[in-house]
Amino acid sequence: ERAYQFQFHEDFPMPFVCAMPTVRQIILSSVIVLCAAWTFVPSAPAADSLTVYSGRSERLIKPVLDAFTATTGIQIELLSSGTTELVNRLKAEGDRTSADLLITNDAGSLELARTAGLLHPLNMREVERAIPAQFRASDNAWVGLSGRFWIIVYNTTMVKPDQVKSLLDLADPKWKDKIAIPNSGSEYLQAGVSVIRATHGDEKTTQFLQGLKTNADSQVYQKSSQIVDAVAKGQVALGIVNHYYVYRHLAAQPGAPIAVIMPDQHEGGMGAIMNVAGVGIIKSAKHLDSAKLLVEFLVAQAGQKLFADLDKEYPLHQDVKADPALAERKSFRAALVPLSKLAELREATLTLIEQVGLR
C-alpha cells in the first residue's frame with residue numbers, strides 16, 4: 001500500500017504560537033456556541049464521553065465539539081493528526097481502537113476509510129433530511145459537513161479578474177514566477193488534480209502540472225495561509241487555495257489587496273472544484289448511540305451554522321446560509337465529478353504528480 005504524503009497546513013495540526021484573542025472575540029465565540037446549544041435537542045440517551053480522531057486543525061473543529069458538549073454534557077476526547085496517519089492507525093488498531101468517530105477535511109480520505117471497512121453505515125433520517133445525497137457515501141458511512149472550493153486568489157493591484165478564467169490558465173507561460181501553489185503532499189492538490197484528470201484526461205492534466213511546476217518554481221508552500229499571505233504582499237500575483245483561507249485573511253485584514261476568482265465558470269468550463277470536510281462513525285465504535293448523536297448535531301442547523309460562522313465554509317444544509325462575505329452558492333457551478341470518485345482516482349493522481357516532479 002502506498003504511503004500517501006500529506007502537508008502541514010491550517011487544516012492539519014502542528015505546533016504554533018498564536019496571538020491572544022480579544023475580549024470581543026471571546027464573547028462572540030461564546031455567544032455562537034451558546035446559540036448552538038439552545039437550538040439543538042438531543043434525541044437519544046448518551047454515554048459520558050466520545051473519542052474523535054480528527055484530521056482537521058483543533059482550532060477549526062473544537063468550537064463545534066464544545067457546543068455539542070454544552071448541549072449534551074458528553075465530553076469529547078480529541079486526537080488530532082494527519083488524515084492518512086489516522087486512517088492507517090485505525091487499520092492497525094482494528095476492533096481494539098478507542099475511536100468512535102473520524103473527522104477529515106477530504107471526502108476521498110473518508111471514502112478510502114469506508115472501502116477499507118473502517119466505517120459504520122448509517123440509517124438516520126436526520127442525516128438524509130439535512131445533507132443532500134451527493135455529499136454523503138452511498139451507505140451514509142461518511143457524511144459531508146461543510147463545503148470548500150479550490151479557487152484562485154489574486155492580488156488586485158497586479159491582476160485583473162478577467163485575465164484568468166480557468167485553473168488551467170495558470171499553466172500559461174505568461175504567469176512564470178507569478179504564481180504560488182501547494183506542495184505535492186497537499187490533499188487539496190491531490191483532490192483537485194483528480195477532478196481535472198476525470199474531466200480533461202491525463203495528457204491535458206500532465207501539461208497543466210508541468211506548467212504549474214515551471215511557473216511556480218520555488219513558490220511552493222506547505223500551508224495555504226502562506227500562499228494567501230504571499231499574494232497579499234505582492235510576492236506573487238496569484239495562488240491556488242481553498243476559498244476560506246482568503247476570507248479568513250480578509251476578516252483579519254480587511255484592507256488586504258486580495259480577491260477571489262471562482263474558476264472554470266465560462267462556457268465549456270468544468271466548474272469549480274469542490275471538496276467537503278466530513279465525518280464517519282467507526283465500525284467498532286463503543287458508544288454508537290452517542291456517536292450518532294454527535295453526527296446528528298453536526299448536520300443539524302445549529303452545527304452547520306457554526307461551520308459557516310466560525311470557519312467561513314459553505315454549509316451543506318440547504319436551510320443554512322453561508323457567511324455573507326462569500327460568493328452566493330447559487331451564483332456559480334461546481335464540477336460534476338462525484339466526491340466518491342476521489343478515492344479511486346487518488347492512486348493514479350499521485351503517480352502523475354510524482355512523474356511530473358512537483359515538490
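These values consider heavy atoms only, across backbone and side chains, with no hydrogens, waters or symmetry-generated copies.
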Practice problem: Would you check, one step at a time, whether the test ring pair (Phe, Tyr, Trp, His ring centres under 6.0 Å) holds for Phe332 with Phe149? | Solution: CA-CA 11 Å; Phe332 59 90; Phe149 289 88; 4.9 Å; yes

Exercise. Evaluate side chain to side chain contact (heavy atoms under 4.5 Å, CB included) for His317 paired with Val299, printing each intermediate quantity in order.
Key: CA-CA 7 Å; His317 193 299; Val299 303; over 6 Å; no

Exercise. Let me see the working for Leu167 and Ile273 under side chain to side chain contact (heavy atoms under 4.5 Å, CB included), right down to the final yes or no.
Key: CA-CA 10 Å; Leu167 284 169; Ile273 294 172; 3.7 Å; yes

Practice problem: Starting from the C-alpha separation in whole Å, work towards a yes-or-no answer on side chain to side chain contact (heavy atoms under 4.5 Å, CB included) for Met158 and Leu238. | Solution: CA-CA 9 Å; Met158 303 170 70; Leu238 308 120; over 6 Å; no

Practice problem: Begin with the C-alpha distance, continue with both residues' side-chain angles, and end with the deciding distance and a verdict on side chain to side chain contact (heavy atoms under 4.5 Å, CB included) for Val236 and Ile179. | Solution: CA-CA 5 Å; Val236 290; Ile179 67 171; 5.8 Å; no

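Glu344 has a carboxylate O that lies under 4.0 Å from a charged side-chain N of Lys341, or vice versa, which qualifies the two as a salt bridge. Ion pair Arg329/Glu313 not flagged as a salt bridge, since none of the NZ, NE, NH1 or NH2 atoms sits closer than 4.0 Å to an Asp/Glu carboxylate oxygen. We find that Glu128 and Arg125 are not joined by a salt bridge, their nearest charged nitrogen and carboxylate oxygen being 4.0 Å or further apart. A salt bridge links Asp139 with Arg114: at least one charged nitrogen is closer than 4.0 Å to a carboxylate oxygen. A salt bridge links Arg89 with Glu93: at least one charged nitrogen is closer than 4.0 Å to a carboxylate oxygen. Salt bridge absent: Lys165 and Asp169 never bring a charged side-chain N and a carboxylate O closer than 4.0 Å.
If you run side-chain contact (heavy atoms from CB on, under 4.5 Å) between His249 and each of Val153, Asp229, Val241, only Asp229 comes through.
Between Gln75 and Asp48, every side-chain heavy-atom pair lies at or beyond the 4.5 Å cut-off. Contact of the Arg148 side chain with the Asn105 side chain is registered, since non-hydrogen atoms from C-beta on lie closer than 4.5 Å. Counting heavy atoms from C-beta outward, Leu102 and Leu118 have side chains that stay 4.5 Å or more apart. Proximity of Leu78 to Ile61: side-chain heavy atoms (C-beta onward) are separated by under 4.5 Å at one or more points. When side chains are defined from C-beta on, Gln190 counts as touching Leu350, because their heavy atoms get closer than 4.5 Å. Looking at heavy atoms from C-beta onward, Leu294 lies out of side-chain contact with Lys292 at the 4.5 angstrom threshold. You'll find the side chain of Phe135 stays beyond 4.5 Å of the side chain of Trp142, heavy atoms only. Side-chain contact check for Leu60 versus Phe307: every heavy-atom pair is 4.5 Å or farther apart.
Judged purely by atom type and a 3.5 angstrom limit, Gln163 uses its side chain to pair as donor or acceptor with the backbone of Lys160. Although no hydrogens or angles enter the test, the distance criterion places no donor-acceptor pair under 3.5 Å between the side chain of Asp100 and the main chain of Leu50. Within the 3.5 Å criterion, the main-chain N or O of Leu170 finds a donor-acceptor partner in the side chain of Asn215. Judged by distance alone, the side chain of Ser331 and the main-chain N or O of Ala327 form no donor-acceptor pair under 3.5 Å. Side chain of Asn88 to backbone of Lys91: no donor-acceptor contact under 3.5 angstrom is found. Formation of a donor-acceptor pair under 3.5 Å by the Glu126 side chain with backbone atoms of Ala300 is not found in this model. In this structure a side-chain-to-backbone donor-acceptor pair under 3.5 Å is present from Gln304 to Leu145. Asn242 places no side-chain N or O within donor-acceptor distance of the main-chain N or O of Tyr244, the cut-off being under 3.5 Å. Between the side chain of Asn275 and the backbone N or O of Ala107, at least one donor-acceptor pair lies under 3.5 Å. Put simply, the side chain of Thr97 never gets that close to the backbone of Gly94: no donor and acceptor are under 3.5 Å apart.
If you check the side chains of Ser194 and Thr349, you find a donor sitting under 3.5 Å from an acceptor. For the residue pair Arg56 and Thr83, no side-chain donor N or O sits within less than 3.5 Å of a side-chain acceptor on the partner. Side-chain N/O atoms of Thr104 and Asp106 include no donor and acceptor closer than 3.5 Å.
Shortest non-hydrogen contact noted between Ala67 and Leu306 is CB-CD1, 3.7 Å. Nearest heavy-atom pair, Lys213 versus Val356, reported as atom, atom and distance to 0.1 Å: NZ-O, 3.2 Å. Closest approach of Ala256 and Leu250 over heavy atoms only: O-CD2, 3.8 Å.
At a threshold of 4.5 Å between side-chain heavy atoms, the hydrophobic network of Ile, Leu, Val, Met, Phe, Trp and Tyr places Leu79 and Leu298 in one connected group. Hydrophobic clustering (ILVMFWY, side-chain heavy atoms < 4.5 Å, transitive): Val320 and Val143 are in distinct clusters.
For the atom pair Asp311 CG and Tyr247 OH, the distance stands at 15.5 Å (nearest 0.5 Å). Residue Leu288 holds its CG atom at 11.5 Å from CD1 of Ile282, rounded to the nearest 0.5 Å. The CZ atom of Arg359 sits 8.5 Å away from the CD1 atom of Ile181 when rounded to the nearest 0.5 Å. One finds the CG atom of Leu189 at 6.5 Å from the CG atom of Leu358 (value rounded to the nearest 0.5 Å). For the atom pair NE2 of His287 and CD1 of Ile74, the computed distance is 10.0 Å after rounding to the nearest 0.5 Å. Separation of atoms OG (Ser225) and OH (Tyr245) is listed at 7.0 Å; rounding is to 0.5 Å.
Within 6.0 Å of NZ in Lys174 there are more than 12 heavy atoms belonging to other residues, nucleotides or ligands. Few gaps surround CG on Asp319; more than 12 heavy atoms of other groups in view lie less than 6.0 Å from it. Counting heavy-atom neighbours within 6.0 Å of Lys233 NZ, excluding the residue itself, gives a total of 12 or less. For Asp162, the CG atom counts as densely surrounded, since its 6.0 Å shell holds more than 12 non-hydrogen atoms of other residues, nucleotides or ligands.
With ring centers used as reference points, Tyr314 lies under 6.0 Å from His243.
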